[in-house]
Amino acid sequence: MPELPEVEVTKLGIAPYIEGKTLTELIVHDGRFRWPVPSNLKKILIDQTCSAIHRRGKYLLFYFERGVMVLHLGMTGVLRIQKIQEEPKKYNRIEFHFGDTALRFHDPRKFGSVLWHPIEHGPIENFPLLKKLGVEPFENEFSGVNGTKLLYERSRGRTVSVKQYLLAGQVVVGVGNIYCSESLFEAKINPKTPAGKISKPRYERLAKAVQLILKKAIQAGGSSLKDFVHSDGEPGHFMVLTKVYDRAGLPCKECGTPIKQITQGQRSTYYCPQCQK
DNA sequence: AGCTCAACCTGGCTGC
DNA sequence: TGCAGCCAGGTTGAGC
């Protein structure tokens with residue numbers, strides 16, 4: 001579920017409830033995530049005030065006085081704002097109380113993570129997991145000609161498919177498996193094409209497509225924001241209407257050709273063999 | 001350095 | 001109805 005748009009929408013949804021608030025209690029129901037939740041996290045965070053929540057790629061960064069809590073939603077993670085009186089549900093792995101407001105991290109598959117970066121370790125950019133990330137799709141480094149240049153130059157000599165190249169997030173972050181297929185369809189590029197063989201004009205189309213697809217998804221998520229953060233049932237689906245993703249065998253919405261599904265780098269890719277050359 | 005692949009974990013769906 | 005097998009939004013780390 002969480003690609004960049006979902007993480008961004010989550011950030012926008014929870015920030016008003018958390019920013020400027022002081023953590024009063026932290027309960028770890030099950031801290032066996034991708035990496036174990038630091039055993040002393042409660043001790044570290046209690047009585048600290050969260051000044052801001054930022055997003056870097058698919059990571060959420062909670063800024064506290066003495067450091068930054070780094071949270072990743074993994075495949076199935078969802079954050080919800082609830083009253084502390086509400087009963088925590090199954091798979092609520094960890095909850096942060098800010099007065100009578102609870103921020104609950106729900107994550108069935110435990111691929112998420114919650115880590116701590118103490119201020120003594122320097123700027124958050126030094127955090128190992130963030131260090132190798134590509135640029136933000138909406139920041140200056142990727143806008144205008146910059147995005148095209150980056151995608152083109154960094155791909156020279158690369159033999160991996162453009163699908164895997166984009167998905168890896170080493171050039172631009174935030175494009176997950178769904179929006180990767182969607183962006184390549186938007187740019188009319190065949191996902192199997194080796195990244196190093198794609199011309200500059202085509203990378204220009206791709207850079208624009210990535211921004212468009214992600215922006216649209218954020219807008220779609222934004223509309224269901226309220227439901228999302230207040231829900232204590234299943235999270236609202238942001239899934240925007242996809243043109244190709246999860247549409248194997250169905251007619252392409254532009255030309256009617258059946259959409260193909262293939263596997264690349266252990267992940268499914270969907271594309272239109274007619275529209276994407 | 002870049003490529004491929006196993007691994008982390010749980011639930012839901014498909015097909016026998 | 002039951003159960004085995006496969007698939008799922010992400011990412012690291014090992015081995016070549």
Side-chain angles (χ1 to χ4, degrees), chain A residues 1-11 29-37 55-60 70-79 89-94 105-115 127-134 137 151 153-185 191-197 210 213-214 216-218 220-221 224 228 233-249 261-270:
Chain A
M1 162 27 170
E3 298 185 30
L4 181 144
E6 290 75 19
V7 179
E8 178 67 17
V9 168
T10 295
K11 184 195 83 175
H29 298 290
D30 185 346
R32 294 171 297 169
F33 284 102
R34 177 65 192 272
W35 293 281
V37 171
R55 180 190 56 71
R56 173 74 178 103
K58 298 170 192 165
Y59 292 89
L60 285 172
V70 179
L71 188 151
H72 196 293
L73 297 170
M75 286 276 236
T76 50
V78 172
L79 287 171
K89 295 274 193 313
K90 200 177 179 186
Y91 307 127
N92 279 168
R93 304 292 182 196
I94 180 165
F105 187 7
H106 177 270
D107 185 15
R109 285 177 77 180
K110 302 189 204 175
F111 285 176
S113 45
V114 176
L115 299 164
F127 195 77
L129 296 176
L130 304 184
K131 230 170 170 166
K132 51 185 176 295
L133 296 183
L151 284 173
E153 284 171 8
R154 301 273 306 270
S155 65
R156 293 309 88 184
R158 298 289 302 270
T159 58
V160 276
S161 69
V162 62
K163 154 73 190 295
Q164 287 163 277
Y165 172 66
L166 182 61
L167 184 61
Q170 289 163 342
V171 180
V172 60
V173 292
V175 184
N177 205 37
I178 296 175
Y179 301 125
C180 194
S181 280
E182 294 298 308
S183 298
L184 288 164
F185 177 79
K192 291 187 285 191
T193 314
K197 294 231 167 114
V210 164
I213 293 291
L214 294 180
K216 270 193 184 168
I218 292 171
S224 60
F228 177 68
E234 276 314 289
H237 263 268
F238 300 97
M239 178 86 68
V240 197
L241 286 182
T242 59
K243 295 253 179 87
V244 288
Y245 184 82
D246 204 23
R247 298 195 67 245
Q261 175 179 10
I262 58 173
T263 298
Q264 296 180 289
Q266 315 176 85
R267 314 292 303 277
S268 279
T269 302
Y270 300 84

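Throughout, a chain's letter reflects where its sequence line sits, starting with A, and its residues are numbered from 1.
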Under a 3.5 Å cutoff on both atom distances, Watson-Crick or G-U, what's the dot-bracket for DNA chain B ([ ] crossing, | other strand)? .|||||||.|||||||
Here the distance between atom C1' of C:dG9 and atom NZ of A:K163, to the nearest Å, is 12 Å
Treating A:S181 as the side-chain partner and A:Y245 as the backbone partner, does any N or O pair qualify as donor plus acceptor under 3.5 Å? no
Selection residues 164-174 of chain A - residue pairs positive for side-chain hydrogen bond (donor to acceptor under 3.5 Å, both in side chains), sequence neighbours left out: A:S161-A:Q164
Using atom P of each nucleotide, how far apart are C:dC7 and B:dC5 to the nearest Å? 15 Å
Touch class at under 4.0 angstrom, heavy-atom based, for A:S268 against every strand present: sugar-phosphate
Please list, chain by chain and in numerical order, all residues satisfying side chain to side chain contact (heavy atoms under 4.5 Å, CB included) with A:K110, sequence neighbours excluded. A:D30, A:R32, A:R93
Under the salt bridge (charged side-chain N to carboxylate O under 4.0 Å, His left out) test, residues paired with A:R154 that sit two or more places apart: none
Those residues that, when tested against A:K58, pass side-chain hydrogen bond (donor to acceptor under 3.5 Å, both in side chains) (two or more places apart): none
For A:F111, enumerate each residue passing the side chain to side chain contact (heavy atoms under 4.5 Å, CB included) test, keeping only those at least two apart in sequence or located in another chain. A:M75, A:R109
Between C1' of C:dG9 and CD of A:E6, the distance in whole Å: 7 Å
Nearest whole angstrom, please: distance from the C1' of B:dC3 to the CZ of A:R154. 16 Å
Expressed in angstrom and rounded to an integer, what is the separation of A:M75 atom CE from C:dG9 atom C1'? 6 Å
If I take atom CD from residue A:E6 and atom CG from residue A:L73, how far apart are they, to the nearest 0.5 angstrom? 9.5 Å
Separation of A:I213 atom CD1 from C:dG9 atom P, in whole Å? 17 Å
In whole Å, what is the span from the OH atom of A:Y165 to the P atom of B:dC3? 10 Å
A:Q261 atom CD is separated from C:dC7 atom P, nearest whole Å, by 9 Å
Sorted by chain and residue number, the ring-ring contact (aromatic ring centres under 6.0 Å, His included) partners of A:F33 (sequence neighbours excluded) come out as A:F105
Counterpart residues, side-chain hydrogen bond (donor to acceptor under 3.5 Å, both in side chains), relative to A:S268 (two or more places apart): A:Q261
Could you check how far CG of A:D246 sits from P of C:dA8, rounded to whole Å? 9 Å
Could you check A:Q170 against A:K90 and say which one's nearest nucleotide on DNA chain B is further toward the 5' end? A:Q170
Could you list the protein-to-nucleotides 11-13 of chain C atom pairs, N/O on both sides, closer than 3.5 Å?
unit_1, atom_1, unit_2, atom_2, d
C:dT11, OP1, A:H72, NE2, 2.4
C:dT11, OP2, A:K58, NZ, 2.8
C:dT11, O2, A:R34, NH1, 3.0
C:dT11, O2, A:R34, NH2, 3.3
C:dT12, O4', A:R34, NH2, 2.6

Can you check whether A:T76 has a side-chain N or O nearer than 4.0 Å to OP1 or OP2 of C:dA8? no
Checking contacts here: which listed nucleotide (B:dC3, C:dG9, B:dC9) is nearest the side-chain heavy atoms of A:E3? C:dG9
Of the candidate nucleotides B:dT10, C:dG9, B:dC3, which contains the atom at the shortest distance from the side chain of A:Y245? C:dG9
